[in-house]
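Have a look at the structure below before the remarks.
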Amino acid sequence: LTSRPGLDAGFIAVCRRAPDERTKVAVITALGRMPGSATVAYLKEHVRRTWYEVMTGRRKELSAAAKRSLDTLSKDGHA
């Protein structure tokens with residue numbers, strides 16, 4: 001499933017449209033199994049947090065999921 005062309009782009013699109021954080025966390029976790037430059041760039045975007053997000057704790061789970069997914073891709077030599 002993860003080697004299907006364009007699948008990562010579809011998951012990224014779903015994540016962008018997802019209304020709640022739990023769905024985004026699930027999709028970002030799945031992206032950790034889909035190597036590709038677009039996936040890595042998207043995950044890095046979510047690892048970075050603004051000062052406001054750090055101070056308020058917003059997006060903490062989302063950022064942590066993106067970090068875990070990036071770590072998985074790095075371990076497999078894709079990031």
Side-chain angles (χ1 to χ4, degrees):
L1 181 64
T2 59
S3 63
R4 211 171 97 205
L7 189 62
D8 56 341
F11 271 71
I12 290 170
V14 166
C15 192
R16 286 189 172 129
R17 290 189 312 262
D20 61 68
E21 291 287 309
R22 289 173 41 197
T23 303
K24 289 181 181 192
V25 168
V27 172
I28 282 179
T29 300
L31 283 170
R33 292 180 233 122
M34 298 179 191
S37 58
T39 300
V40 171
Y42 188 71
L43 291 173
K44 284 182 179 180
E45 176 184 318
H46 282 285
V47 169
R48 282 185 238 117
R49 295 192 302 163
T50 66
W51 177 85
Y52 177 75
E53 291 166 342
V54 171
M55 296 305 291
T56 61
R58 292 185 68 221
R59 294 184 62 232
K60 185 177 180 179
E61 287 183 50
L62 188 61
S63 183
K67 175 80 170 93
R68 285 190 304 272
S69 291
L70 268 176
D71 290 345
T72 299
L73 289 173
S74 293
K75 184 172 50 176
D76 295 339
H78 299 290

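Residues take their numbers from the sequence shown, with the count starting at 1.
Pairs engaging residues 18-48 under the ring pair (Phe, Tyr, Trp, His ring centres under 6.0 Å) rule: Tyr42-His46 [sequence neighbours left out]. Note on residues 11-20: pairs passing side-chain hydrogen bond (donor to acceptor under 3.5 Å, both in side chains), not counting sequence neighbours, are Asp20-Thr23.
Judged purely by atom type and a 3.5 angstrom limit, Ser69 uses its side chain to pair as donor or acceptor with the backbone of Ile28.
Evaluated for a side-chain contact (heavy atoms from CB on, under 4.5 Å) with Leu70, the options Thr39, Val40, Leu31 yield exactly one hit, Val40.
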Decide salt bridge (charged side-chain N to carboxylate O under 4.0 Å, His left out) for Asp71 and Lys75; before the verdict, give the C-alpha distance in whole Å, the side-chain angles of both, and the deciding distance to 0.1 Å. CA-CA 6 Å; Asp71 290 345; Lys75 184 172 50 176; over 6 Å; no

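In this structure, the side-chain contact (heavy atoms from CB on, under 4.5 Å) partners of Arg68, at least two apart in sequence or on a different chain, are Ala64, Ala65.
Pairing each heavy atom of Cys15 with each of Val27, the nearest pair is CB-CG1, 3.7 Å. Heavy atoms only, all atoms of each residue included: Asp8 and Met34 are closest at CA-SD, 3.9 Å.
Surrounding CD of Glu61 are at most 12 heavy atoms belonging to other residues, nucleotides or ligands under 6.0 Å away.
Between the NZ atom in Lys67 and the OG1 atom in Thr72 there is a gap of 10.0 Å [rounded to 0.5 Å].
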